[in-house]
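Presented below is the structure to which this report refers.
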Amino acid sequence: MNPRLITTSGAIDVIGFNYHHQWVKDVPQNFPGKPFIFSESVSALQTRGYYMMPSDSIFVAPKQWWLPYTDPTFMCSAYDNMHASWSSTHEETWDVVKHTPYVGGQFIWTGFDYIGEPTPYGFPARSSYFGIIDLAGFPKDSYYMYQSEWTQQPMLHLFPHWNWVPGDYIDMWCYYNNADEVELFINGVSQGIRKKSNHNYPLSAISYPLCTEYHVGWRVTFDPGEVKAVSRKDGKVVCSQTIRTAGAPAKIRLSKDYVGRETTFISVEVVDKDGNLCPWAEDLIYFISEGDCTVLATDNGCQTSMERMRVVATPSNPYPSAQRKAFFGKCLVVVSGHGSLTAKSATLSPDVIEF
């Protein structure tokens with residue numbers, strides 16, 4: 001249909017595209033005087049905690065929407081460098097919204113992962129990979145890109161973790177705000193200062209720079225110990241974050257993630273003896289409630305997990321066990337009522353939390 005016929009008919013008050021950010025430049029010509037939004041956008045593909053390198057390459061899965069896509073991991077890269085054939089990355093789409101005055105906003109597909117539409121994988125994938133937040137409610141790294149753009153509160157988010165094979169080349173990314181620059185240190189040795197680049201989109205799908213308007217990055221050699229990022233403005237430190245190489249999984253750490261009127265969400269982490277998150281941990285964890293407390297559900301954000309989410313008693317099983325494997329070191333348990341919850345594992349020291 002001719003776009004001008006749509007405009008002159010007056011049938012549509014607001015123009016919206018699903019994806020196709022490359023068409024936005026023609027909106028004023030094709031729809032003069034009409035307000036515009038992205039009615040659906042992004043559809044980037046990410047699995048929390050999994051990183052595909054080199055991060056300066058864009059991975060498109062599937063190449064065309066009708067083609068199958070397979071990979072033995074059944075995971076997608078948590079760098080913002082993977083998207084479906086019809087879509088684009090978070091940074092590239094947001095760049096269009098931010099720098100185009102007549103774009104009123106966007107509806108990002110999606111805020112959370114959700115059951116169904118397991119793109120780009122089929123079974124055993126049970127959910128989408130589109131979310132900024134995973135099925136368990138844990139933020140993926142792209143969450144912090146939006147935080148750096150949308151909040152004035154100083155922040156810095158360095159990723160990925162620091163548990164790799166000695167000698168491996170690792171791409172470290174950092175989202176930050178309210179600062180001029182970020183310096184990276186490995187075991188106290190500077191790896192250089194980085195600054196966000198000027199407006200530089202669209203990017204090539206072949207060459208995605210380590211530093212953009214929205215993140216800075218370093219390609220470094222892994223050396224066990226610690227990696228630290230420090231942001232500065234006018235020479236003064238604004239924020240810093242240190243990630244340490246975790247040792248063997250040693251214990252469980254429970255913390256309240258959300259407290260509502262009827263439910264409490266409890267974050268479960270597998271940590272080493274010093275309290276560092278173990279990013280590769282997959283321990284099976286059992287939950288035992290005491291007092292007027294009921295375990296309602298568990299999850300870990302894994303898009304291919306076949307573990308039961310809801311904990312439901314039946315006549316044949318009046319006391320169902322609540323359990324969940326950790327996924328990249330984390331899982332979540334949802335409880336109601338008041339009392340305490342104990343988390344146990346065959347090889348980890350337990351933890352107890354009261355609520």
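The first residue of the sequence shown is numbered 1, and numbering continues consecutively from there. What you see is a predicted model; the values in this text were computed from it and never measured.
Two rings, from Y175 and Y146, have their centers 6.0 Å or more apart. Aromatic rings from H83 and W86 are positioned such that their centres are separated by 6.0 Å or more. Two rings, from Y143 and H157, have their centers 6.0 Å or more apart.
A cation-pi arrangement is present between K330 and F138, with the terminal nitrogen or guanidinium carbon under 6.0 Å from the aromatic centre and inside a 45° cone about the axis.
The structure places CZ of F222 at 6.0 Å from CG of N163, a figure rounded to the nearest 0.5 Å. Within the model, atoms CE of M52 and OG1 of T47 stand 10.0 Å from one another, a figure rounded to the nearest 0.5 Å. To the nearest 0.5 Å, atoms CZ (R48) and CG (N300) are separated by 7.5 Å.
Through chains of ILVMFWY side-chain contacts below 4.5 Å, V230 is grouped with F185, V237. With a 4.5 Å cut-off between side-chain heavy atoms of Ile, Leu, Val, Met, Phe, Trp and Tyr, the cluster of M309 takes in I115, L135.
Within a 6.0 Å sphere centred on CZ of F107, other residues, nucleotides and ligands contribute 12 heavy atoms or fewer.
Residue F287 forms a side chain to side chain contact (heavy atoms under 4.5 Å, CB included) with just one option from T342, V268, V335, and that option is V268.
Each side-chain hydrogen bond (donor to acceptor under 3.5 Å, both in side chains) pair with one or both residues in residues 35-46, not counting sequence neighbours, appears once here: N18-S39, Y19-E40, Y19-S43, S41-Q106, Q46-S142.
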